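Heads up: the structure comes next, in structure tokens.
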Amino acid sequence: MLGRTAKSLRDQFGRSRLNWAAIGSDAQALDRLASELPSWFPPGSGQGHGVKTRARAVIWTNPQAFAQAAHMLLFRAQGLTQAAAHHDRRALMLNARALGHACGSCHSRFRAHSGWW
Ligand code: HEC
């Protein structure tokens, strides 16, 4: 879900005339996903519980750091929503880059290695 929405958002950026309505709805979807993200990882759902997952145990041993990483994402998603509401292209690009960084920094700490992301 996160991956698909972020991609849809990136696809919008490639256009010379931005479709603000589409960007706004993607930004809002990201906003919602970001606020729900912490609830996707309840205690007892990690590796070693018989679940096939790349979520690393540190999510549960250091929940504050994980919540913080999730909060960074939410913060950036809200920045995107704002930028879309104001049709502010500069703020949009700034927040989009920072959003990508928020994805990556959480993955590098909390997700087992992946070859493609
Ligand atoms: C707070 C931490 C965190 C943030 C922020 C985060 N992710 Fe993830 N993401 C994870 C974890 C942990 C997994 C591994 C989940 C698993 O394997 O069960 C994951 C898995 C994924 C996957 C693999 C899909 C799947 O079902 O295995 C994709 C795609 C993805 N994230 C995209 C994104 C994108 C795009 C963003 C930013 C818009 C993002 N993520 C932000 C923690 C995060």
Side-chain angles (χ1 to χ4, degrees):
M1 252 331 255
L2 265 178
R4 213 176 323 135
T5 312
K7 167 141 195 338
S8 158
L9 195 63
R10 271 198 306 275
D11 289 348
Q12 302 288 340
F13 295 165
R15 309 203 172 146
S16 50
R17 295 194 58 196
L18 295 180
N19 178 348
W20 288 107
I23 291 172
S25 82
D26 281 344
Q28 269 168 28
L30 277 176
D31 216 328
R32 191 165 31 80
L33 289 170
S35 59
E36 289 170 1
L37 190 148
S39 71
W40 299 339
F41 300 96
S45 63
Q47 281 171 349
H49 294 90
V51 202
K52 191 167 175 288
T53 175
R54 302 205 344 256
R56 293 172 61 188
V58 63
I59 290 174
W60 296 275
T61 55
N62 194 348
Q64 290 94 338
F66 187 69
Q68 212 174 0
H71 188 260
M72 266 320 285
L73 184 72
L74 180 61
F75 179 69
R76 292 309 177 183
Q78 284 169 346
L80 276 175
T81 306
Q82 288 264 322
H86 294 117
H87 294 197
D88 182 343
R89 187 173 193 136
R90 215 179 136 262
L92 188 76
M93 294 306 162
L94 225 105
N95 277 287
R97 209 172 308 134
L99 181 92
H101 187 76
C103 307
S105 71
C106 182
H107 290 161
S108 68
R109 273 187 84 181
F110 297 105
R111 193 175 71 170
H113 184 71
S114 141
W116 65 273
W117 185 263

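Counting starts at 1 for both ligands and their atoms, following the listed order. Computed from a predicted structure; not experimentally measured.
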task: Please check if M72 and V58 belong to a single hydrophobic cluster, counting links between Ile, Leu, Val, Met, Phe, Trp and Tyr side chain heavy atoms closer than 4.5 Å.
output: no

### Query
Taking a hydrophobic cluster as the set of Ile, Leu, Val, Met, Phe, Trp and Tyr residues connected by side-chain heavy atoms closer than 4.5 Å, whether directly or through intermediates, do L37 and L9 fall within one such cluster?
yes

Interfacing atoms of ligand 1 (cut-off 4.0 Å, heavy-atom, [X]):
{"X": "A70", "answer": "1 (C)"}
{"X": "F66", "answer": "1 (C), 2 (C)"}
{"X": "R54", "answer": "16 (C), 17 (O), 18 (O)"}
{"X": "F110", "answer": "12 (C)"}
{"X": "F41", "answer": "11 (C), 12 (C)"}
{"X": "A6", "answer": "35 (C)"}
{"X": "A102", "answer": "5 (C)"}
{"X": "I59", "answer": "12 (C)"}

At under 4.0 Å between heavy atoms, what of L73 touches ligand 1? The answer is side chain

So for L37 against ligand 1, with non-hydrogen atoms under 4.0 Å, the contacting part is side chain

Problem - Side-chain donor/acceptor of H86 to backbone N/O of Q82, under 3.5 Å - result: yes

**Request:** Examine distances only and state if a side-chain atom of W60 and a backbone atom of F41 form a donor-acceptor pair shorter than 3.5 Å.
**Result:** yes

Min over C106, S105, S108 of heavy-atom distance to atom 2 (C) of ligand 1 lands on C106

Heavy-atom proximity to atom 16 (C) of ligand 1, picking from L30, L9, T53, points to T53

*Is it true that atom NE2 of H101 has more than 12 heavy atoms of other residues, nucleotides or ligands lying nearer than 6.0 Å?*
no

Discussion item. Taking atom CD as the centre, does E36 end up with more than 12 heavy-atom neighbours from other residues, nucleotides or ligands that are less than 6.0 angstrom away?
Written reply: yes

query = Is the distance from atom 8 (Fe) of ligand 1 to some N, O or S atom of H107 under 2.8 Å?
reply = yes

- Task: Anything under 30° is parallel, anything over 60° is perpendicular, the rest tilted; go ahead and classify H87 against W20.
- Result: parallel

Residue pair T5 / D26, side-chain donor-acceptor N/O under 3.5 Å: no

Rounded to the nearest 0.5 Å, the CD1 atom of I23 sits from the CZ atom of R10 at a distance of 13.5 Å

